Amino acid sequence: MVTPSLHTGSRALLKKIGNFTLSGYAILFFLFLYVPIIILIVFSFNDSKSVFVWQGFTLKWYARVFQDARLLLALRNTLIISVASTVISTIFGTMISVAMERWDFRLKLPFDALLFLPIVIPDISMGVMLLAFFGLIGMAQGLGTVVIAHVAFNISFVAVIVRARMASLDPRLEEAAQDLGANEWQTFWRVIFPLLLPGIMGGALTAFTLSMDDYVITFFTSGNESLLSLYIYSLVKTGVKPNINALSSLMILVSMGLVLLSLILQRKGGGDNVGLM
Amino acid sequence: MADVFAVELIGISKLFGKFVAVDNINLRIKDGEFYSLLGPSGCGKTTTLRMIAGFEVPTRGDLRIFGKSMGDTPPFKRPVNTVFQSYALFPHMTIGENVAFGLQMQKVPKKEITQRVGEALERVRLADYANHKPKQLSGGQQQRVALARALVNRPEVLLLDEPLGALDLKLRKAMQLELKQMQQDVGITFVYVTHDQEEALTMSDRIAVMRAGHVYQEGTPVEIYEKPRTRYVADFIGETNFLEGTVKSIDGNRVTVEIDGAVAVAATAEADVPVTVGQAVTVAIRPEKISLLPGDTEKGYPGRLVELVYIGTDTRYRVQLTDNASVIVREQNIVPTGERKFHTGDAVQIHWSPASATILAE
Amino acid sequence: MQKATTKRQRIALWTLISPTLFWLTVFFAIPLLVILFYSFLKRGTYGGLVYEFTLNNYVRFFDSLYIKIFLRSFRIAAITTLLSLLVGYPVAYWMATRPARWRNTLLLLMMLPFWTNFLVRTYAWIVLFSRKGIINAALVHAGLIDKPLSLLFNERAVIVGLVYGWVVQMILPCYASILGFDFSLVEAAKDLYANDLKAFTKIILPLTMPGIVAGSILVFIPSLGAYVTPDLLGGGKTAMIGNLISQQFGSANDWPFGSAISMVLMVLMMIGTVVYFRIAVSGDKTSTGKGG
């Protein structure tokens, strides 16, 4: 009677060791994800020009970021572009999502493809495409062309997210609303929209983040405008500097804050977090 | 006006692409009637209901509600309301808001809305739940909210799409009676879709049995059960024995049918089911209409008991009549168990009243 | 899903569709056709376009210089994909087998860096890898090396940057398919004399393959079209297709050739996407339906 129990005991032990190794590995992976970011943030507070040697805590790099006039202009322009392209693409993207998930029509398949292509196509191709197009029609490059370009890729991302939400809605709810006397307009605002809201917010957040982050397409469509991603890129090209660390840390903070905020809002709305995944 | 029906379907067909969901059906549903569309899934009953509600537009035919042709009138302009199969309660609204929705859409004054919503919730015994969200209610409660939400609008016709399908058996039985009672109280025409034959028989004033887009038979529950016209209806509703044979003699509506050239049994032919001597026919007879008698009785048709299954309330026997034909007989277990009269292998006699056996019009 | 049959429905349908249809036609489909058109034109002596039909731009790929960049891009994208799988699959497995109340938090923890600016995340590796960066400084400080190592501006740095950038795209589909996996099948396999390794290779791996393939394509596609990562972490010697295209529209001023490369890259991506959807669809059929 001793042998089998010993046997199962050693098997359980093996299993425990296996589980332990896997957990350790997973922790290492999360370190891999976070350590570069954390180091970046830590050294943004370092009172030294040299990166590694810790010389004490300072906020002067942050002060310098806020004194940088070019940066502030770039930030302002980028916010204009991001807000404008987010608003336009969220409205259009939501509209198309409702239509695509409710009705069948003859040109649906090619239209589905057209809606999906901007996600698949590499940024660089989309950038040069628009560069060539704006050149051909003689449209002056500036904030307007950047907004146009950002809307062109953001609609697709918004649509993917809102459509997922729309597809999970029970079409009977709309029928119930109409059955109870609501016309199409009332049905949309009273029933569809409130239920889509978590998805719409997820889509808007995605659009805003993509717009803020985009470098490649912005580069090819912005002409001489001063924009945040272009400015950061030019700084990064010059090498490691503590003020870039500070700026980067701020951006990490803002984007993480936005994600958490949207999660909180979604949980309040009783939705799942389909918008982020 | 005597000829105005609550709902009238005249030559209605519905095609989805090439698939014919509903094929040229004609129905006349009377005012105040509890009318059921009964059939298996895919028979077109739900499509028919959705056309009345306005969610689907008929491909052909005319659909009238209280004499008014509907055409492609959208659902929100029709004097009907629907209780959906999965209830379709708005998950982001409270129970009270759900019930108030229809009245708000009709711009009913606020004060009246509050009062009518209160009454409607009272009627379904959910007055205390007005501020709950649908998710917090049980299936049976949600079902009652769906009912209140529809009825509060005082529709001319209430459409119900398998409203009890998601409930467990006991609750379903209770709700059947409650629904029937409510229909009699409010006096509104109910059009009820179900695949449950027992449910249809229990509740309906009239039933239309559907299959593959056609109406196979229309009639009261008694007519449907006792006088099925086709093998399909007889088979779909309850359990039935089918005996194939040839007509031997006719006396008024009494017909003698010879089975396998061996046994001659008595049956009834309805006036509109023409029969001639020598014709091949099918006789339908319910197992509970047959009585099983000892083999030495003179009264019935002789056979041999080949199978005996005890199923609680009843015992189910199979009696071999001829080499190829056997019938199922069902008898209530009135005699205490252990004092069984019959055993497998016994020679027995079976007997039925000719009125119970119907010649099918097939 | 129903057909828009009544007039009201058709009006609603086209009202909802037309803004996007307009935008994507004018600012996406037409520019795409412009590039396609340009790719068959000749370059002028001092740049610019000569409106004469030629296939020469496509033929030029097979020049050893460009074919080398193409092959390098494929190699980098393939290694990135493989590494992402090796790194990501165990993590996905670990996450999917944690208690349900942990899983959403772990997902969030994994997504958070993914949601931060790509440039910033790439920059973080410059901070670590550069000659005066943290790693070199630490190693010198510890006396392990005399001279700083050149960690940056090579293929390895590019691959690390790409794996860091896209590994989450590998983990998510793998996680979903492992979550949907019915673990009683492993018990059944063990009951039928399979050991742990056999149970993994014969049962778990094949049944989570749709997730693996989906993840691989989601990593491979952006890696192949990468521009920022090779530009920042790779330097000039490890240029990829993206950098080549950018160069044609920039300093080389050869738009027809740049258009042709861009077309080839897009066609490759579309093929990858079609394969992805084929597998995603068949994956729906084979998955056990739980979770996901």
Side-chain angles (χ1 to χ4, degrees), chain A residues 94 97-99 101-109 161-162 164-204 262-275, chain B residues 16-17 46 49-56 73-94 97-108 113 117 120 133-136 142 145-146 148-155 157-163:
Chain A
T94 301
S97 300
V98 172
E101 292 302 319
R102 271 308 161 259
W103 287 304
D104 245 340
F105 48 96
R106 224 173 337 139
L107 292 172
K108 186 159 180 182
L109 198 68
I161 293 163
V162 178
R165 181 92 198 166
M166 186 71 193
S168 73
L169 285 195
D170 182 0
R172 299 256 182 272
L173 293 177
E174 283 163 61
E175 291 181 356
Q178 300 219 347
D179 186 70
L180 294 166
N183 60 31
E184 291 89 349
W185 187 249
Q186 290 165 321
T187 303
F188 180 81
W189 286 110
R190 294 290 302 267
V191 177
I192 303 178
F193 180 75
L195 293 171
L196 282 187
L197 199 56
I200 294 173
M201 282 188 343
S262 86
L263 276 184
I264 291 165
L265 287 176
Q266 282 182 35
R267 195 145 302 168
K268 257 193 183 162
D272 48 7
N273 39 17
V274 64
Chain B
F16 294 108
T46 296
L49 194 80
R50 289 170 61 79
M51 285 192 285
I52 303 172
F55 303 134
E56 307 284 357
T73 306
F76 50 89
K77 289 185 179 162
R78 295 190 184 207
V80 302
N81 286 113
T82 307
V83 176
F84 290 84
Q85 185 171 16
S86 50
Y87 318 136
L89 300 180
F90 305 125
H92 58 302
M93 298 182 195
T94 64
E97 286 165 350
N98 262 282
V99 178
F101 188 88
L103 299 175
Q104 285 168 357
M105 291 301 119
Q106 293 172 65
K107 305 238 158 40
V108 172
I113 292 181
V117 168
K133 286 273 176 77
K135 247 193 240 166
Q136 298 167 288
Q142 289 185 22
V145 175
R149 186 178 70 173
L151 280 175
V152 75
N153 303 291
R154 297 175 188 151
V157 179
L158 186 72
L159 309 173
L160 303 100
D161 187 5
E162 308 227 10

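Here is how names work: the chains are called A, B, and so on, in the same order as the sequence lines, proteins then strands, and each is numbered from 1. What you see is a predicted model; the values in this text were computed from it and never measured.
Contacts between A:Glu184 and chain B at a heavy-atom distance below 4.5 Å involve backbone atoms as well as side-chain atoms. The parts of B:Asn81 that come within reach of chain A are both its backbone and its side chain, each placing non-hydrogen atoms under 4.5 angstrom from that chain. Looking at A:Asp170, only its side chain comes within 4.5 Å of chain B, counting heavy atoms on both sides. Only the side chain of A:Gln186 comes within less than 4.5 Å of a heavy atom of chain B; its backbone N, CA, C and O stay farther away. There is no contact between B:Leu159 and chain A, counting heavy-atom distances below 4.5 Å.
Looking only at heavy-atom pairs under 4.5 Å with chain A, the residue among B:Arg78, B:Gln104, B:Gln106 that has the most is B:Gln104. In terms of non-hydrogen atom pairs under 4.5 Å with chain A, the most contact-rich of B:Gln85, B:His92, B:Lys77 is B:His92.
Of all heavy-atom pairs between A:Leu196 and A:Thr94, the closest is CD1-CG2, 4.4 Å.
Judged by a 6.0 Å distance limit and a 45° cone about the ring axis, A:Arg190 is not positioned over the six-membered ring of B:Phe90.
No donor-acceptor pair closer than 3.5 Å links the side chain of B:Arg149 to the backbone N or O of A:Leu180.
Between atom OG1 of residue B:Thr82 and atom CG of residue B:Leu158 there is a gap of 7.5 Å, rounded to the nearest 0.5 Å.
Residue pairs meeting the salt bridge (charged side-chain N to carboxylate O under 4.0 Å, His left out) criterion with at least one member in residues 79-92 of chain B, sequence neighbours excluded, do not occur.
In this structure B:Gln136 satisfies the side chain to side chain donor-acceptor pair (under 3.5 Å) test with no other residue, sequence neighbours excluded.
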